[in-house]
Amino acid sequence: MKTKKFRLDSGNIDLEAVRKAADTIKNGGTVVFPTETVYGLGANALDGEAVKQIFAAKGRPGDNPLIVHIEDFAQLKTIAEEIPVKARKLMEVFWPGPITFILRKSENIPDEVSAGLDTVGVRMPSNMIARALIRESALPIAAPSANLSGKPSPTTSEAVIEDLDGRVDSIIVSEDSEVGIESTVIDMTKEPPVILRPGKINQKDIQQIIGEVQLSEGITTGLAPEKPASPGMKYQHYSPRAEVLLVNGSSEEILEKILNFIDRNPDKNYKIIRTRNPKEAYPSSLKTVSLGKNTQEYARNLYRELRDSDKEQADVVLVEQFPIDEESIYIADRLLHASGYKTI
Ligand code: TXA
Ligand code: MG
């Protein structure tokens, strides 16, 4: 199919262009749009046939449910059967923003969205273009990340075009994603609530508002969970073509491990993603990049660096592991998935 592209600037949104994209949603088509976390691949969340096209475009397994994006609280009532008091409190603090709540779904939500579960994930994004698109469509929009299944989520419109040009009706071309990593997913149907996917809004932020919440198994330990917390967590995720290896230890140990590894396997193309050692620590013949100066920058740059490794024809991406704490655990989680839990 021929994909229409619209350029939209969040500082000065062209409403005419938004309306054209909204018409595509209303007519049962697919539109890629920016959000503050990553780009999303959207369709009318109330139309099962429209939603099927999302799965086809991504090559996504049908048993992996989608998040429904809304613009105001009135829409929430049509999607969720009930909104627990704790969920309401969290929504008041963190919405619009990068957090998704799993709630009991209403009958309006087709099985294609919830993958047959009796729950639905709901998020109110803060990105102004996403909000305008939902508002002009006057519909809730189901949207996974706008990548081919298994690839890192797209944080730039170039990445979206690379994966989905010719596979969707429209793409909104816009700025790079501000957060760069997908939303926190929290299951509010459990007591205490359970964080299924860590995100920028962390366990401590949530506990400050509602008290006890749990982190699902496998997130903190760095070991592969035996049972995936949410359906999407069982698939290999966020991976470029290259093998990704995490390198643990002190800065000196990391440097030594990396140089030894390359010595033992000299015939490969390497990309080294630095968080601990300076550029000068490495021989100038090696390709290294900095992931950034702080966790915020790590989050913003990670998926782009993983994707670029394909273009750079790296065989192996060696990532200097950063200290894992409350603030960085969501980034470490994605890296663990990208590496298939392989560390040296
Ligand atoms: O930041 C985000 O959340 C982005 C933007 C576009 O909003 N979306 C996103 O969607 O990351 P996706 O489909 O790539 O990831 C959604 C995750 C999957 O792991 C899925 O299994 C889980 O949320 N999920 C969705 N609905 C669920 C449900 N009812 N119960 C449990 N997990 C659910
Ligand atoms: Mg995804």
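For clarity, every value in this text was computed on a predicted model and none was experimentally measured. All heavy atoms count here, side chains included; hydrogens, waters and symmetry mates do not. Counting starts at 1 for both ligands and their atoms, following the listed order.
Within ligand 1, counting atoms from 1 as listed, the ones closer than 4.0 Å to a heavy atom of Thr37 are 1 (O), 2 (C), 4 (C), 5 (C). Those atoms of ligand 1 that come under 4.0 Å of a heavy atom in Leu117, given as number and element, are 28 (C), 29 (N), 30 (N). Atoms of ligand 1 lying under 4.0 Å from any heavy atom of Glu182, numbered from 1 in the order shown and given with element: 1 (O), 2 (C), 11 (O). Listed by number with element, the atoms of ligand 1 under 4.0 angstrom from any heavy atom of His69 are 5 (C), 6 (C), 7 (O). Near Ser145, with a cut-off below 4.0 Å to any heavy atom, the atoms of ligand 1 are 8 (N), 9 (C), 10 (O), 12 (P), 14 (O). Within ligand 1, counting atoms from 1 as listed, the ones closer than 4.0 Å to a heavy atom of Ser183 are 1 (O), 2 (C), 3 (O). Set against the non-hydrogen atoms of Gly40, the atoms of ligand 1 under 4.0 Å away are 6 (C). For ligand 1, the atoms lying closer than 4.0 Å to a non-hydrogen atom of Thr119 are 28 (C), 29 (N), 30 (N).
Ion pair Asp163/Arg307 flagged as a salt bridge, since at least one NZ, NE, NH1 or NH2 atom sits closer than 4.0 Å to an Asp/Glu carboxylate oxygen. The pair Glu191-Lys86 meets the salt-bridge criterion, with a side-chain N (NZ, NE, NH1 or NH2) lying under 4.0 Å from an Asp/Glu carboxylate O. Contact check on Lys311 versus Glu162 returns a salt bridge, with a Lys/Arg side-chain nitrogen under 4.0 Å from an Asp/Glu carboxylate oxygen.
Between the Mg ion (ligand 2) and Ser145 there is an N/O/S contact shorter than 2.8 Å.
At a cut-off of 3.5 Å, with distance as the only test, no side-chain donor of Asn27 or Thr24 sits close to an acceptor on the other residue. Of the N and O atoms on the side chains of Ser183 and Thr100, at least one donor lies less than 3.5 Å from an acceptor on the other residue.
When heavy-atom distances to ligand 1 are checked against a 4.0 Å cut-off, Asn64 comes that close only through its side chain, counted from C-beta outward. Residue-level proximity to ligand 1 for Leu196 is carried by the side chain, the only part with a heavy atom below 4.0 angstrom. Heavy atoms of Arg60 found under 4.0 angstrom from ligand 1 belong exclusively to the side chain.
Proximity annotation for atom 33 (C) of ligand 1: of Pro61, Pro65, Gly121, Ala115, Pro65 comes nearest, heavy atoms only.
Shown are Ser153, Pro240, Ser239; of these, the side chain to side chain contact (heavy atoms under 4.5 Å, CB included) with Leu306 is made only by Pro240.
Heavy atoms from other residues, nucleotides or ligands lying under 6.0 Å from NZ of Lys268 number 12 at most.
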Task: Trace of the ring-ring contact (aromatic ring centres under 6.0 Å, His included) decision for Phe322 with Tyr298 - done: CA-CA 10 Å; Phe322 42 82; Tyr298 295 170; 5.1 Å; yes
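Ring geometry for Phe73 against Trp95 counts as tilted: the plane angle lies between 30° and 60°, on a 0 to 90° scale.
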